[in-house]
There are 2 protein chains.
Amino acid sequence: MVTLRQLRYLSALAKHGHFGRAAEACAVTQPALSMQIGDLERTLGVKVVERRPGEVILTDAGREIARRGDDVLTASRDLVDFARHRGKPLTGRLTLGVIPSLAPYLLPKILPALQRGFPELRLELRESQTRQLVGDIKSGVLDAALLALPAGDSDLDAIALFEDLFLLAVPADDPRPEAVPVAVDGIDQSRLILLEDGHCLRDQALAFCATARRRDGSAGAMTFGASSLTTVIQMVAGGYGMTLIPQIAAEVERRDQRVKFLRLRPPQPGRSIGLVFRKTSPRKADFGALGDVVKGCVEESGCRPVPPGRKPPPAQNRADSASEP
Amino acid sequence: MVTLRQLRYLSALAKHGHFGRAAEACAVTQPALSMQIGDLERTLGVKVVERRPGEVILTDAGREIARRGDDVLTASRDLVDFARHRGKPLTGRLTLGVIPSLAPYLLPKILPALQRGFPELRLELRESQTRQLVGDIKSGVLDAALLALPAGDSDLDAIALFEDLFLLAVPADDPRPEAVPVAVDGIDQSRLILLEDGHCLRDQALAFCATARRRDGSAGAMTFGASSLTTVIQMVAGGYGMTLIPQIAAEVERRDQRVKFLRLRPPQPGRSIGLVFRKTSPRKADFGALGDVVKGCVEESGCRPVPPGRKPPPAQNRADSASEP
DNA sequence: TTCAGCGATCAGATTAATTTATCGGCCATG
DNA sequence: CATGGCCGATAAATTAATCTGATCGCTGAA
């Protein structure tokens, strides 16, 4: 009979490709793991791993078995999570991913409120790009993530939290007055400074500009890859170009006197920020509560963004955030 | 740490509502099961069952835990199935459901071929209505089922096998010549004899007639509920009315000289027969092979129906088989 | 009151899993 | 072609998990 223990050991073995290290990861000795894998192979009637000198690789069948095993483990972990957290939202450990263009601006708003409202919550944060976050949510490494919708994965569910409009950040000495919204034509794509590849914000900005206009044939855009929005703003301040920046970040970056932020004429581009989690997650109650906290913080911070009143996030007539990360 | 054993015992307990009988079903003694349930409650920190004199009922949390536990068990059973059957399609035990309006006509065609081509296959058949079959597939009681598409459940996948057109069965002394297709107007809905409630064929026939015409306000139709198509044909033969009958059944029922079958004018109503199974089923290779056998048998039997060349089954301009069973 | 049904509990036996120690194959070195 | 290191398999002893059979205590019915 197959056991969860065998699947756990197999999962570790698949991950480490090494009996000794897999055993260590499972906090058992190597023979213990060897025997469990052996038992598994015997009960399934298939060689699961190829033991070759210098490396241990899964067989084809083994790969599929490990994949299914991970599904089983995730489901059982969910079961335990459900039982342990049922009835008391936002207590205990909760691992949350946040995209880099959001984390430094949103977290300072919500962490104090969370701490105050849910002192029993032990939040573990991770900052990564959307692609990574989605993978980690699906594999159960993360419970949920704050990112720009849509996440575009049918295994995932989302709660829309707020709309985050884009502003055009330009040097303070730009001739255009701050009061007048500029048309997208005001954006010289070749002077656009963006985050490095892989950031959803970069893709959204590019998508918006692409639909807005295409000044020359070159895929162009001075797409120097900064790793943080603050860096991007520094470059704008230094007169190296301009950028599209989400309102929630502009609030903070506005401190720098050498830049100013111009609003854009409708249809204003923007992104829809949401809380994403596995459809089968056992902690939906937590996510509802967490979402409420975020909405509350964003609202009371006097920020323009407001929670939308609909389920499926829009992303129509705005940046095409359908592109992966 | 939670174990599959505990989940198996919990599943049995949930099903039987009785420690003793659940234990018996698991082939262990009652104390063994009691202790495992006790351990489970201890590790989860929740009372899972309410022990009250005379009955054992799950708590709210227990119900959800049992549901999730069943998911885990299904996934682990799938893993084992995958490992055991991988590489040798159509061997070993395979449980297959078939709807009643199809089983007696299709099975005689395919069983000999299956026996010949796959002697190692031990097919276990069950005849039930669509609703029941779908439930059993989802819970893992059945591996797959032959029924009229669409099954309409997002957890299920289907392979379309063939189109089965409906014919109008009338008494042999009906004045209309067999050679000329009749219009749907030729169907007097008030004289329609159908299978009893719950059969998809009944719903399809009613749906087709409803779109075809509505002679009077009465929901009408002489919908005496026969439990088999043979019974229905007997009644038609006896002059009690007429019926819509799938071509595959007409082939057989044609033996009765007292009825004849009129073709219908386009858009000809019909049903799309398919093989349905869980999306995550470990035996998709088997289903492909089984589907091929069915297609082959249906074709070579000189039957009109042919395999369609498209994935999503039609059900357009024909009986509305979207209604449940 | 007494009894039958049912689940909990206990002690002891059994089975499964783990650890420590060791073996043997396979490379890379010298 | 020896030698030592790495790595997984195996053996024996130990520990932990699980089971059985006997029994207890509770509850509702006779």
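Here is how names work: the chains are called A, B, and so on, in the same order as the sequence lines, proteins then strands, and each is numbered from 1.
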* To do: Nearest 0.5 Å please: distance from the CZ atom of B:R42 over to the CD atom of B:Q6.
  => 9.5 Å
* Asked: So, are B:D155 and B:R278 salt-bridged, with charged N and O less than 4.0 Å apart?
  -> no
* Compare side-chain N and O positions of B:R51 against OP1 and OP2 of C:dC6 and report whether any pair is under 4.0 Å apart. => no
* Asked: salt bridge (charged side-chain N to carboxylate O under 4.0 Å, His left out) between A:K279 and A:D157: does it pass, once the steps are laid out?
  -> CA-CA 5 Å; A:K279 269 188 176 142; A:D157 227 344; 5.7 Å; no
* **Atom-pair distance (CG on B:L4; C1' on C:dA16), nearest Å** => 15 Å
* Asked: Tell me, which of residues 25-48 of chain A have any heavy atom that sits under 4.0 Å from an atom in DNA chain D?
  -> A:Q30, A:P31, A:S34
* To do: Figure out the CG/P separation between B:L13 and C:dC6, and round it to whole Å.
  => 13 Å
* Asked: Could you give the CZ-to-C1' distance, from A:R52 to D:dC6, as a whole number of Å?
  -> 17 Å
* To do: Measure from CD on B:E55 to C1' on D:dG28 and round the result to the nearest Å.
  => 13 Å
* Structure fact -> B:Y9 OH to D:dA17 C1', in whole Å, measures 11 Å
* **Which nucleotide in C:dC6, C:dG7, D:dT18 has an atom nearest any side-chain atom of B:T3** => D:dT18
* **A:R68/A:D71 ion pair, N-O < 4.0 Å** => no
* Charged N to carboxylate O below 4.0 Å: is that the case for A:R63 and A:D60? -> yes
* May I ask you to say whether A:D81 pairs ionically with A:R84, meaning some side-chain N is under 4.0 Å from a carboxylate O? => no
* Below 4.0 Å: OP1/OP2 of C:dG5 and any side-chain N or O of B:H18 -> no
* Rounded to the Å, how far apart are A:M1 CE and D:dT18 P? -> 15 Å
* **Contact nearer the 5' end of DNA chain C, comparing A:R5 with A:P53** => A:R5
* Send over the distance from B:F19 CZ to C:dT9 C1', rounded to a whole Å. => 13 Å
* What is the distance from CD of B:E24 to P of C:dG7, rounded to the nearest Å? -> 13 Å
* Heavy-atom pair with the smallest gap, counting every atom of A:L94 and A:L121 -> CB-CD1, 3.9 Å
